Amino acid sequence: MPDKVMTAAEAVGLVRDGDVVGLQAGPTQCAPMSLVRALLAAGRRELHAVSLSGSMALDWLATRGALARLTTAAVTMESYGMCRQVRRAVESGAVQLEELSETALLARLGAAARGLPFLPTRGMLGSDLLTVGNAHLAVVDDPFGGPPVVACQALRPDVALLHAHRADADGNVALDPGPRHPMTTLLPRASDRVVVSVEEIVDADTLREHPERTILPGFAVDAVVLAPYGAHPTSLFPRYDYDAEAFQSWADASRVPADAEAFLASHVDGPATHDDYLARVGVDRLAALTLERAS
């Protein structure tokens, strides 16, 4: 296989203006933040973001006007409050929102991953989400005589962006044992192109020591980017926790658009490289976030 290791700037070259971009993320967990910073630095526009439970990454993209559309089940920073920049963009009409239940979004991606036109769910029946005219959903009769179901049309992102523990140069990607988000394996299988940032790049023999940890084969990955602490300020269990101070700083800054811009000027525009970003965050603060490493 060809060597798929490249810089973040090179990897986000696989993302074009107007693309549907899938983001692996939870409110404070495992977002590909180094790749999001690279997207912002590249000035991408008119993106359609797809995220099961988006958070700071979406807020940063909204702040810079990179989003045109958002498909999600939730946008929240949990105890740090709402994502104010996303809310402003949606309320102003700058971003078109498609709100789905978690089961419906997973069904839409699951259909794409399986090469199907749709998958059914009952997760939205009885909710107002079916009354807003979503063209990607249809209530249909069960052909086997059961109650109606919601048919969820396949959603195939152009590019999936993820962060993981390690990969080899061929693009085989592995995760350490711990909580595993459903989007981690579903999103890349549903997408046309896949970019993964990782904590470390190892040789294939190292991955073979724990073959059960390999979640993506090399043929399914287009680019690998070395980015230690690449999920910061979100977490990557069991390696490091989320950065509470950074979350609070963004929550405070996002209250005022000018303060939000100043925050991104410091954290996105200021650092020229990922190493520069880590230096700005501070070695001591990163060390304080570090948890026990899986063996």
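Computed from a predicted model, the values in this text were never measured in an experiment. Note: hydrogens, waters and symmetry copies are ignored here, and every other heavy atom, side chains too, is used.
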Backbone N/O of [Y] and side chain of [X]: donor-acceptor pair under 3.5 Å:
{"X": "Arg87", "Y": "Met82", "result": "no"}
{"X": "Ser191", "Y": "Pro188", "result": "no"}
{"X": "Arg44", "Y": "Val12", "result": "yes"}
{"X": "Asp59", "Y": "Val86", "result": "yes"}
{"X": "Arg88", "Y": "Ala62", "result": "no"}
{"X": "Arg166", "Y": "Val202", "result": "no"}
{"X": "Thr214", "Y": "Leu216", "result": "no"}
{"X": "Asp19", "Y": "Val21", "result": "no"}

With rounding to the nearest 0.5 angstrom, report the [atom1] to [atom2] distance, [X] to [Y].
{"X": "Ser235", "Y": "Asp241", "atom1": "OG", "atom2": "CG", "value": "6.0 Å"}
{"X": "Glu98", "Y": "Arg108", "atom1": "CD", "atom2": "CZ", "value": "4.5 Å"}
{"X": "Ile215", "Y": "Asn172", "atom1": "CD1", "atom2": "CG", "value": "11.0 Å"}
{"X": "His232", "Y": "His163", "atom1": "NE2", "atom2": "NE2", "value": "11.5 Å"}
{"X": "Ile201", "Y": "Asp3", "atom1": "CD1", "atom2": "CG", "value": "8.0 Å"}
{"X": "Leu286", "Y": "Tyr240", "atom1": "CG", "atom2": "OH", "value": "9.0 Å"}

Tell me, do [X] and [Y] make a side-chain contact under 4.5 Å, heavy atoms counted?
{"X": "Val159", "Y": "Asp222", "answer": "no"}
{"X": "Ser79", "Y": "Gln248", "answer": "no"}
{"X": "Thr76", "Y": "Pro27", "answer": "yes"}
{"X": "Leu58", "Y": "Ser51", "answer": "yes"}
{"X": "Ser55", "Y": "Phe247", "answer": "yes"}
{"X": "Leu161", "Y": "Leu39", "answer": "yes"}
{"X": "Met56", "Y": "Thr234", "answer": "no"}
{"X": "Leu129", "Y": "Leu137", "answer": "no"}

Does [X] share a hydrophobic cluster with [Y], counting links as ILVMFWY side-chain heavy atoms below 4.5 Å and allowing steps through other members?
{"X": "Leu97", "Y": "Leu155", "answer": "no"}
{"X": "Val95", "Y": "Val20", "answer": "no"}
{"X": "Val75", "Y": "Leu61", "answer": "yes"}
{"X": "Val173", "Y": "Leu162", "answer": "yes"}

So which heavy atom on [X] is nearest to which on [Y], and how close?
{"X": "Ala265", "Y": "Arg64", "result": "N-NH2, 3.8 Å"}
{"X": "Leu105", "Y": "Ala73", "result": "CD2-N, 4.1 Å"}
{"X": "Ala57", "Y": "Val36", "result": "CB-CG2, 3.9 Å"}
{"X": "Asp17", "Y": "Arg45", "result": "OD1-N, 3.0 Å"}
{"X": "Leu35", "Y": "Ala8", "result": "CD2-CB, 4.4 Å"}
{"X": "Ala167", "Y": "Val224", "result": "CB-CG1, 4.0 Å"}

Q. Taking the six-membered ring for Trp, are His267 and Trp60 parallel (under 30°), tilted (30 to 60°) or perpendicular (over 60°)?
A.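 The arrangement is tilted - the two ring planes meet at 30° to 60°.
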
Checking side-chain polar atoms at under 3.5 Å, does [X] have a donor or acceptor matched by the opposite partner on [Y]?
{"X": "Arg37", "Y": "His274", "value": "yes"}
{"X": "Gln85", "Y": "Thr63", "value": "yes"}
{"X": "Asp252", "Y": "Ser249", "value": "no"}
{"X": "Tyr229", "Y": "Thr290", "value": "yes"}

Intermediate values then yes/no, side-chain contact (heavy atoms from CB on, under 4.5 Å), Ser53 and Gln29: CA-CA 10 Å; Ser53 53; Gln29 303 86 36; 5.7 Å; no

Derivation of the salt bridge (Lys or Arg N to Asp or Glu O under 4.0 Å) call for Asp192 and Arg156: CA-CA 7 Å; Asp192 287 332; Arg156 187 166 189 84; 2.6 Å; yes

ask   = Could you walk me through whether Arg213 and Asp176 pass the salt bridge (Lys or Arg N to Asp or Glu O under 4.0 Å) check?
value = CA-CA 6 Å; Arg213 298 181 185 178; Asp176 287 342; 3.7 Å; yes

Name the one of Val140, Leu125, Leu119, Val139 that satisfies side-chain contact (heavy atoms from CB on, under 4.5 Å) with Val149?
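The single option meeting the side-chain contact (heavy atoms from CB on, under 4.5 Å) with Val149 is Val140.
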
